[in-house]
Amino acid sequence: MTTSQAGFDALARLDLLGLDDALSGEDRLLRDTVRRFAAEQLRPNIARWFEDGTLPARELALEFGKLGVLGMHLDGYECPGASATQYGLACTEIEAVDSGLRSLVSVQGSLAMYAIHAYGSEEQKQRWLPPMSRGEAIGCFGLTEPDAGSDPGSMRTYAKRDGDDWILHGSKMWITNGSISDVAVVWARTDDGVRGFLVERGMAGYTASDVHHKISLRASITSELSFDEVRLPASAQLPEAAGLRAPLGCLTEARYGIVCGVVGAARDALASALSYSTSRVQFGKPISGFQLTQRKLAELAVSVSNMQLVARRLGELKDAGTIKPYQISYGKFANVRAALEVCREARSILGGSGITTEYSPLRHAVNLETVYTYEGTHEVHTLVLGEQLTGTSAYR
Ligand SMILES: Cc1cc2nc3c(=O)[nH]c(=O)nc-3n(C[C@H](O)[C@H](O)[C@H](O)COP(=O)(O)OP(=O)(O)OC[C@H]3O[C@@H](n4cnc5c(N)ncnc54)[C@H](O)[C@@H]3O)c2cc1C
């Protein structure tokens, strides 16, 4: 039996509700392909990337491109046109290795590529989407600013008309893939409300510098983008993007990837804790034989299955084209919180060994602190659900 087959069998044991049986043969094939890629190409390296605080993003993007997961749920322009359910399964398998890797994939596909796909001109789509789906070009998505996080409507980055051109001035903070991007989707105020622009690497006045000393999402590139009177041609504007609704539409796309991805992080933490508990002997027997450990394992397994149910349901709604933003908020609220709790509890089963990078649960937990905050903080999604229930908005 191969190591990877043994790993597949161990995961099948965690599927207490038989959710795998509900997948089509095609879905399972895709899931297994991504799972195998993750086991062979990503998992052996992730502790080192995390410790080094970086990752070989360009090489990885090319590999992800060959795997067909960049912009995989988009149609046309060499994108695979997969279902939302399939995209969700891919996110789960990638985030089972690390949230930073899933962030690379979802920022590329669901934020940068989706923005161009949904709001770009034909020329912009032809130019960027095929190389981005192959991983030959990398994109990022700049919405957050040093003084505008949860409240993007207060952004200061400004684009001013100068003849047919635009002059872009301002900065963006916490931008995933920022310094390695060939194209940045940048949101800015204009005299006509918020608009989106494609800013290309090397344009005069555009610089990117990385954020260092991160404790969370270390296997990911996070940057600050600075625009000092950057001159953009008229063709750099995303013609179909009008108002804040445009970037928020991209975030709804990407949040679905998070809802599914964090299932992977939690499942991996559970698998790690279960495996450790069967071999770690204390008081003369494996710790898996103690009732307190079994209770923890049972709670974790039920939680992971519940998260999977939420992800599958949202996948169905997305594939049916009926999903509502508050339902995405439900998924992010419920699944990220649950994943964090699972990873922390799984770490406790590993005792002291659980605090090293040799085991995944604590790495997942610290990564999930970022996931809890980005793409709408947990509190903001709470307010979305509160507004849906009460009809009263409590943001201000
Ligand atoms: C590693 C990493 C990668 C990221 N990648 C990207 C990216 O690629 N592109 C991008 O644009 N952004 C990115 N972000 C930014 C992320 O989306 C923001 O950090 C997030 O939106 C929160 O903004 P903030 O950090 O400014 O926190 P703030 O908005 O200042 O929030 C601080 C706290 O106040 C709470 N709060 C704020 N308003 C309210 C309210 N009305 N009611 C109750 N509580 C409230 C928040 O929930 C939070 O707990 C990334 C962040 C990180 C950490």
Side-chain angles (χ1 to χ4, degrees), residues 1 3-16 35 38-53 55 92-103 214-220 258 261-308 335-373:
M1 191 189 289
T3 322
S4 124
Q5 187 54 47
F8 278 35
D9 293 346
L11 290 182
R13 258 177 79 189
L14 305 181
D15 183 17
L16 298 179
R35 187 177 282 180
E40 292 167 4
Q41 309 284 324
L42 306 177
R43 199 172 283 280
N45 300 305
I46 189 58
R48 180 166 49 83
W49 293 334
F50 185 88
E51 283 182 28
D52 290 350
L55 82 170
T92 300
E93 297 309 320
I94 294 167
E95 193 150 356
V97 181
D98 196 87
S99 301
L101 298 169
R102 197 267 310 140
S103 298
K214 286 184 298 175
I215 296 170
S216 171
L217 220 69
R218 288 182 56 76
S220 175
I258 292 177
V262 297
V263 177
R267 187 195 68 197
D268 187 62
L270 166 61
S272 173
L274 177 58
S275 158
Y276 184 86
S277 71
T278 56
S279 61
R280 175 69 177 170
V281 174
Q282 287 295 283
F283 298 98
K285 67 177 186 182
I287 59 170
S288 59
F290 298 123
Q291 289 184 355
L292 285 175
T293 309
Q294 290 197 1
R295 174 166 187 180
K296 286 183 185 178
L297 291 168
E299 298 272 11
L300 301 189
V302 167
S303 192
V304 170
S305 289
N306 286 347
M307 291 166 65
Q308 243 172 321
N335 277 13
V336 180
R337 179 179 64 181
L340 246 177
E341 286 167 1
V342 165
C343 293
R344 285 179 188 145
E345 188 75 307
R347 204 289 307 159
S348 78
I349 295 174
L350 295 161
S353 301
I355 71 149
T356 72
T357 53
E358 191 181 345
Y359 297 94
S360 66
L362 187 59
R363 174 169 52 76
H364 285 309
V366 296
N367 283 337
L368 289 168
E369 293 292 344
T370 285
V371 182
Y372 195 77
T373 286

Given L14 and L270, is the side chain to side chain contact (heavy atoms under 4.5 Å, CB included) satisfied, shown in steps? CA-CA 8 Å; L14 305 181; L270 166 61; 4.0 Å; yes

Is there a side chain to side chain contact (heavy atoms under 4.5 Å, CB included) between T373 and T370? Walk through the geometry before answering. CA-CA 5 Å; T373 286; T370 285; 5.9 Å; no

Side chain to side chain contact (heavy atoms under 4.5 Å, CB included) evaluation trace for I258 with V336: CA-CA 8 Å; I258 292 177; V336 180; 3.8 Å; yes

Should S216 and N367 be marked as a side-chain hydrogen bond (donor to acceptor under 3.5 Å, both in side chains) after you check the CA-CA gap, both sets of side-chain angles, and the distance that decides it? CA-CA 5 Å; S216 171; N367 283 337; 4.5 Å; no

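The environment of I355 atom CD1 is sparse: at most 12 non-hydrogen atoms of other residues, nucleotides or ligands sit within 6.0 angstrom.
With rounding to the nearest 0.5 Å, the separation of CD1 in I94 from CG in L42 is 7.5 Å. Between the OG1 atom of T293 and the OH atom of Y276 there is a distance of 11.0 Å, given to the nearest 0.5 Å. For the atom pair CG (N45) and CG (D52), the distance works out to 10.5 Å, reported to the nearest 0.5 Å. Atom CD of Q41 is separated from atom CG of L101 by 12.0 Å, given to the nearest 0.5 angstrom. Rounded to the nearest 0.5 angstrom, T92 OG1 and M307 CE are separated by 8.5 Å. We find the CG-CG distance between L274 and L300 to be 9.5 Å, quoted to the nearest 0.5 Å.
The minimum heavy-atom distance linking A38 with P44 is given by the pair O-CD, 4.3 Å. Heavy atoms only, all atoms of each residue included: V97 and R363 are closest at O-NH1, 2.7 Å. Taking all atoms of both residues into account, the shortest heavy-atom contact from L350 to A273 is CD2-CA, 4.5 Å. Taking each heavy atom of G289 and Q294 in turn, the nearest pair found is CA-NE2, 4.1 Å. What you find for I349 and S277 is that their closest heavy atoms are CG2-CB, 4.0 Å. For the residue pair F50 and I215, the shortest heavy atom distance occurs at CZ-O, 4.0 Å.
Screening E93, E95, Q308, H364 for a side chain to side chain donor-acceptor pair (under 3.5 Å) involving R267 leaves a single residue, E93.
At distances below 3.5 Å, not a single donor-acceptor pair connects side-chain atoms of R347 with backbone N or O atoms of S360. Checked by atom type and distance alone, the side chain of K214 pairs as donor or acceptor with a backbone atom of S220 at under 3.5 Å. Using a distance-only test at 3.5 Å, with no hydrogens or angles considered, a donor-acceptor pair links the side chain of T278 to the main chain of S275. A donor-acceptor distance shorter than 3.5 angstrom exists from the side chain of R218 to the backbone of E51, with no hydrogens or angles considered.
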Quick one: side chains of residues 337-345, donor-acceptor pairs under 3.5 Å with protein atoms, not counting sequence neighbours, listed by atom name and distance.
from: R344; atom 1: NH2; to: E369; atom 2: OE2; distance (Å): 3.0
from: E345; atom 1: OE1; to: S348; atom 2: OG; distance (Å): 3.4

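Between the side chains of S353 and Y359, no donor-acceptor pair of N or O atoms lies under 3.5 Å.
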